[in-house]
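Next up is a structure, given as structure tokens.
Model, not experiment: these values are computed from the prediction. Order of the sequence lines sets the chain letters (A, B, ...), proteins ahead of strands, with each chain counted from 1.
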Amino acid sequence: MKVLQILDQAFRTVVEEQDETILWLIQCMQKKVELNDIDQIQLLLTGQAVYYTQQKKQQPPLKIGDWLQTQPANINKDIDNLISSHIPVYVVYEDLWDRGLEMEALREGIQVVNREQLVPLFEQADQIWHW
Amino acid sequence: MSEFLFIQSRDPFTDALTKSQYELIHHLATAGNRVTVVLVQNGVMPATKSSIFTPFTKLLHENITLVADKFSLQQREIDAEQLIPEILTTDLDIVIKALLSGQKVIWN
Amino acid sequence: MSHNKTLTFAFMDPPFESERTVTFFRLLDAALDANSHVKVFAYEGAAALSFAKQQQHGNAIHGNDTQQEDHPLTKTWIASLQKKARKKALSFEWINCGLCVDERGVNDTIPGCNRGGPADLWRYASESFNTLTIGTR
């Protein structure tokens, strides 16, 4: 089963969960997927989630009253984990362009697709899970 | 060729991403895929004759079946006669039938 | 269990904040109407949908006491779907993301809703004919 995961939300749970909750979910599921040669997870970043391709630093720690966050999210690391797990990661060019991010360097392993190229991407997947 | 069903819940008047979702649906249909779009929740708002949101017309394509959820319409007191003529009304069983026939069903 | 097809649904929204929650439950109901077995993976806020301590309340603005108001509760909707599935000899499985449950303190769930994790979502999807995910905003 080949499942294309689509993420268009960004910074939705990042502070409270100390990670991007869908990137975390995918990493957990990948441990099952890796056990056979049939299944594959792919990730498409679109909408606000294209910002995740540009993350370089750990998230800023939150301070509320005298409570100080000690383990803020590291989205950069989450994306690296996905790539090193051989999960194809795609990002939509127009969504980068809309946000003025199209000229920024992308980390190795992220594939840029334009909106028309989403057609074959959607066609080749067995299921499409939009989060 | 694939068969897709999109559950379109987003309202284009408040969510800019909706426009690109319409475009993708249009591209899939233009490439020869059969696509059904089920408008639900505030996703039904651009479906009326009096509504003005030009990108919505991309969904009026021969390969796209466009339907609106009866319950969502009732909530908003939109009658079937107020809809763009190409749009029929439906219950959510259309989504389940699509899932059970192996279509790719995507929540937008 | 009959040989009817099974559908998996993954959902992220909490009980009372989103119109998606209503649509999600309508879809589950429609799945049972179509004689499909159902598996649900409740993620993040959806882990509170089956919380047993949800309580009805009166509403002074509506002029109703608790009984008159008969306030909707998602735990009741789940129980109603479980009952409907039993009547039709269909399975209706429900797994809450355990870490999401812990964070929210909603460990006390109604019967038939169990604790699991993301691996269960992948297992559910692998065992099912098709899957629908509904993310939150």
Side-chain angles (χ1 to χ4, degrees), chain A residues 1-49 51-52 62 64 67 69 71 73 78 81-82 85 87 122 125-131, chain C residues 5-14 17-21 23-24 27-28 31 36-49 95-106 114-137:
Chain A
M1 182 168 65
K2 193 185 291 183
V3 180
L4 176 64
Q5 314 274 346
I6 303 178
L7 183 60
D8 65 42
Q9 302 287 302
F11 307 104
R12 171 170 56 179
T13 61
V14 164
V15 174
E16 316 92 285
E17 296 293 14
Q18 305 195 137
D19 52 42
E20 156 52 54
T21 192
I22 298 305
L23 300 185
W24 179 83
L25 184 81
I26 291 171
Q27 289 176 74
C28 294
M29 291 192 295
Q30 179 65 11
K31 293 182 190 303
K32 294 277 280 186
V33 171
E34 284 171 346
L35 300 177
N36 67 62
D37 296 329
I38 303 164
D39 295 331
Q40 188 188 35
I41 288 177
Q42 306 164 329
L43 173 64
L44 173 66
L45 299 170
T46 180
Q48 301 290 23
Y51 278 114
Y52 288 166
L62 178 70
I64 302 285
W67 180 85
Q69 188 168 33
Q71 300 292 326
D78 285 335
N81 286 345
L82 297 176
S85 301
I87 293 176
F122 273 53
D126 297 313
Q127 292 183 13
I128 299 164
W129 297 6
H130 188 184
W131 298 101
Chain C
K5 290 174 181 169
T6 301
L7 297 178
T8 286
F9 297 83
F11 190 61
M12 288 181 73
D13 274 307
E17 283 77 13
S18 168
E19 199 179 358
R20 284 183 295 278
T21 303
T23 307
F24 163 65
L27 286 167
L28 298 183
S36 166
H37 302 294
V38 170
K39 295 177 189 285
V40 175
F41 181 73
Y43 191 46
E44 295 292 2
L49 294 170
I95 284 184
N96 291 315
C97 159
L99 300 182
C100 310
V101 164
D102 291 344
E103 289 166 350
R104 292 162 178 81
V106 290
N114 300 306
R115 183 187 173 90
D120 291 302
L121 170 57
W122 190 260
R123 176 175 61 80
Y124 268 7
S126 301
E127 292 170 356
S128 297
F129 185 75
N130 213 337
T131 296
L132 175 65
T133 61
I134 304 176
T136 190
R137 299 269 88 82

(message) Can you classify the ring geometry of A:W131 versus C:Y43 as parallel (below 30°), tilted (30 to 60°) or perpendicular (above 60°)?
(response)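 A:W131 and C:Y43: perpendicular rings.
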(message) Report which part of C:N130 has an atom under 4.5 Å of a heavy atom belonging to chain A: side chain, backbone, both, or neither.
(response) both
(request) Drop me the distance from A:L25's CG to C:M12's CE, to the nearest 0.5 angstrom. (result)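 With rounding to 0.5 Å, CG (A:L25) is 8.0 Å from CE (C:M12).
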(message) Quick check on the interface: out of C:G117, C:A125, C:A10, who has the most heavy-atom pairs with chain A under 4.5 Å?
(response)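 Between C:G117, C:A125, C:A10, the count favours C:A125.
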(request) Answer with side chain, backbone, both or neither: which region of C:L99 has an atom nearer than 4.5 Å to a non-hydrogen atom of chain A? (result) side chain
(request) Locate the shortest heavy-atom distance separating A:R12 from C:R137; write the atom from each residue and the value. (result)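 That closest heavy-atom pairing would be CD-C, 4.4 Å.
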(message) Other residues, nucleotides and ligands only: do more than 12 of their heavy atoms fall within 6.0 Å of CG on A:D37?
(response) no
(message) For a quick test of reading the model, state the closest non-hydrogen atom pair linking A:M29 to C:P118 and the distance between them.
(response) CG-O, 3.5 Å
(request) Taking atom types as modelled, find out whether A:T21 and C:E44 have a side-chain donor-acceptor pair closer than 3.5 angstrom. (result) yes
(request) Sort C:F41 into side chain, backbone, both or neither according to what part of it lies under 4.5 angstrom from a heavy atom of chain A. (result) side chain
(message) So for A:D8, is it side chain, backbone, both, or neither that comes closer than 4.5 Å to the heavy atoms of chain C?
(response)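 Just its side chain gets close to chain C.
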(message) Applying the side-chain contact (heavy atoms from CB on, under 4.5 Å) criterion to A:Q127, which one of C:T131, C:T8, C:L132 satisfies it?
(response) C:T131
(request) Please report the closest heavy-atom contact between A:D39 and C:W122, naming both atoms and the distance. (result) OD2-NE1, 3.5 Å
(request) Answer with side chain, backbone, both or neither: which region of A:I41 has an atom nearer than 4.5 Å to a non-hydrogen atom of chain C? (result)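 The side chain, not the backbone.
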